[in-house]
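Below you'll find the structure, written out as C-alpha cells, and then a few comments.
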Amino acid sequence: MNNLPEVKNSITLKMLKLIFSIYVLVASSTTIIQMGVEYYSAKKNLKAELEGYTKMFSLDLAAALWDFDREAIQRISSGIMEVPVINGVAVLDLENNGKKVIYSAGCLSENSTLKEKPNKPEKELISFSLENDAYEFPIEYFLLNNPIKVGTIILHSDTGIIFKRLKPGFTTLIINSIIKSLALFIIFLTVGKILLTKPLSIIVASLNKLDFQDLDKYRPINIKSDYDNEFKLIEKAFNSMIERLFKSKSRLISLQNELIKSNELLEIKIAERTKELSQKNKLLDELSKTDPLTSVANRRFFNEILEQEYRRLGRVSTHLSLIICDIDYFKTYNDLYGHQAGDKCLKAVADQLKAKVKRKNDCVARYGGEEFAIVLPDTNLESAVKLAEKIRKEVEYLGIKHEKPDNLSQVVTISMGVACSTIALDEKECCFSELIERADKSLYRAKELGRNRVEFAD
Amino acid sequence: MKKTIIILISLTIFSVFPFKFDASANSDKSSSEIVIVINNWSSQMVLSRIVGSLFNEMGYDVSYAKMEISQQWGALARGIAHVQVEVWEGTMDKMFNKMVEQGRIIDAGAYTATTREEWWYPDYVEEYCPGLPDWKALKKCYKIFAVPETYPKGRYLAGPWEKPEESRIRGLDLNFATIIVKESNELWIELDKAYKEKKPIVLFNWTPNWIDIYYKGKFIEFPEYDPKCDTDPSWGINPYYMYDCGNPKSGWLKKAAWSGINKKWPGSLQALKNVSLDSRMFAQMTALMVVDKMPPEQAAQKWIKDNYKLWESWVPVNFKKRKTDE
C-alpha cells in the first residue's frame, strides 16, 4: 500500500466506503428491527409475566375479594407492589355489577391516571387503563369448581421497565453490531490490501520503473498468486506488451542505424551534388557572363559591370574609363578566311586583351561582333589611352595574317576609342550612356582616321 | 301426616338431584330457590335440611350448596347462597360480625344453646394426668398423649377447620404436636377407640355436640379468652406471642342470611329467626346422623317427625294463615 501513490478517487477506498456504508445501513436496520422485535417480545412477555404474578396472587386475592376483606386486599396488593416490574396496582371490586376501586397504589394511585369513575361504563374504564401501559386481569373465585368473577386487578408496568430489562440485551446487540462492522471493515481493508492494493502497487511500481531507453533492464511484473485472477491477466498482458515493445525497440534501433547510415550516404551525395551544382552554377554563371567564343565577358555582363562601376564613381572611385575596340576589316577577314578563322581571330584578339588587362576589377567584354570593350575603374583617361595603345600594339604584334583592303598592314589590327568619366553619382544615368557614346565616337573617329589606332574623347 | 309425607318427598327429591351450583346465580337472576349452605359437620347438615323443610313449608323452593366455611361468606354476601344455619362464635365470629356490620348479611338470631370449642379429653384421662382440666397439667404429662408420629411430643387431634392451634401450642409453650384429621368423623372414631381402651387422648371438641350424650369429658381450661389475645402479643402469659389463651366460653350460635332474602322470599327471614334449639336438642339431632347412621335428609325427617310442633311453630303466622285459607 505504501508503494501505491495517493489516489484521490481510489476504487478500493470507494468500494470499501460503499460496501461498509451499505453494511452499516443494513446492520443498523436489522439491529433496529431486532431491537423492535425484542421490545415487542419483551412487552408481550411482560404481559405474560404480569399474568403469572396475577395467578400467583390470584387465589389469595380472590379469597380476600370474595370475603370483602379490605385489609387482606391491601396486604396482598402491597405485596404485588414489591414485584420489581410492577409500578402500579389497582384492585377493582365488581360488587353489584359496578366497578369500584378498592385499592390502588403506585402510578395507579388515586392521584395519578386511574381514578374511580362511578358513572362510567365498565368498558370505558378498561380502555382508559390499557392506554396507560396497564394490563387488566380478571380475578376469579372458584366456588365448587365454578369460576366467579369477583374483581379485577390492573397492573401497570411502563416502557421504562421494559427498556431497563432490555438494556443489557440492547447493549450487547449494539456492541455486537459495532464489533461486526469493525471486523468487516478491518477484514475488507486487509483483504483489499492483499487482493487489490498490493497487486496494484506492484503494477504501478513496475509501470513507474518502465523506461523505454532501458527496456532490456526492465523486470517483468510478478504478482504472487497461485491462481489466475484479473491481476494475473493484467500481469500477463503487460509482460507480453513489454516483450513486444522490446522487440519493436530492437527493430527500431536496427532501422534507426540503417537510417543513420542512409543519411550519411545521402549527405555525402548531397554534398557531392551540391558541389557539382555549385560548380555548374558557377560555370553557368560564368557562361551567362562570358562570351562562349572568346571567354571574355559578354555584352550583358559588360552592362552590369559598367553600371556597377558607374555607381561606384563619385562615391568610391574618382575615374571610370571605357575602351571600345573593333577588329579592323573583320568582315573581310571572314570572307577571306572563313568563319572558323574569324572565330580564331576573335579569340586571339580577346586573349590578348585579357592578357593585358590584369587588374582584378578591370573587365574585358565582347561588346558585339568583332567589337570588344574594356571597363577600367579608377583609371583616368591617360592611363586608359596608354593601356589601349599598348593593347593595340600587342594585337598587331600577334601578326595574324589579314589581307586588308587598305593594304597598309597585312595583319590583323584593331581600332580603339577611349573615354573617361569623372561625373558625380547623381548624374549617372545620362553619363553612363554618354560614356559609351563618347567611347564609341572615339572608335569611329579612329576608324575614320585610318584604323589601327587609338582615339580618345576629352 | 300429610305434611310429613310432603316433606319426606321433597327431601328425597333434593337427595336424588344433587345441588347444581350456577356460578352466575345471584339475587338478580331468575333463580327462585333459597340456597342453604351445607358444611361438613353433622349438626349443620341435619339442621340445614330441617330449615329447608321449613321454607318448603312456606312454599319456597330450596336447594343446598355444600361449601367450606371460608367460601360461605362471599356466597352469602353476594346472594349466591342465602342461609347458613350454624354460625359458631368460636370459629366464625370475626367474618360474621364484619359482614353484618357491612350490611352484606343479616344476623338471623341466636339459638338458646351456647357454644364452646376447645381441647377436650374424656374424664378417665384425669387419672393419668392429675391437675386436669387446668392446662398447666399438660405441660407435665404431655408424654402420655404421645403416639409414634409425635413422640416424644403429645398428640393433639385437631378438626379439619382452620384453627390457630399451632400458635396456641407455641404461645403456651406446650410440648404437643397437632395431627389434623380430614373429616370430623375421624375425631369421633379416634375418641371411641381411645375411650373403649381408656387410653389418654386430647382432641378438638365443641358443644353442643352429640358427643355430650355418649362420652363424658371436659374441656381443657386454658387462660381466659380476651380479644387482645388474638391481636396483641404482649397480652397474656407469653409476652412474645399471640394466642396464649383459650377459646371463648359460652359462645353464641347464630344463623345468618343474605341481606336480600326477605325481599325476595318474604317471611323467610322471620322463619329463620324463629328457629331455636337448645344444646340438648342439638346433641339429639346430631346423634341421629352420627350414632344412628342416618343420612342427613333422613335424620332431618326423623327429627321433624319427633319435634313437629316445635318445627311447625317456626313457620311465620302469615304463612300459616295463608295455608289455612288454601
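Within every chain, numbering begins at 1; the chains are lettered A, B, ... in the order of the sequence lines, protein sequences first and strands thereafter. Here the structure is a predicted model, which is why all the values come from computation and not from measurement.
Separating the NZ atom in K66(B) from the CG atom in L144(A) is a distance of 10.0 Å, to the nearest 0.5 Å. A distance of 6.0 Å separates CD1 of I80(B) from CG of L143(A), quoted to the nearest 0.5 Å.
Counting only heavy atoms from C-beta outward, the side chains of Q71(B) and F142(A) never approach each other to under 4.5 Å.
With a 4.5 angstrom heavy-atom cutoff, Q102(B) touches chain A only via side-chain atoms.
Within 6.0 Å of OH in Y39(A) there are more than 12 heavy atoms belonging to other residues, nucleotides or ligands.
The two residues S70(B) and Y141(A) have their closest heavy-atom pair at O-OH, 3.9 Å.
For the set L65(A), D67(A), D69(A), the entry with the most heavy-atom pairs within less than 4.5 Å of chain B is D67(A).
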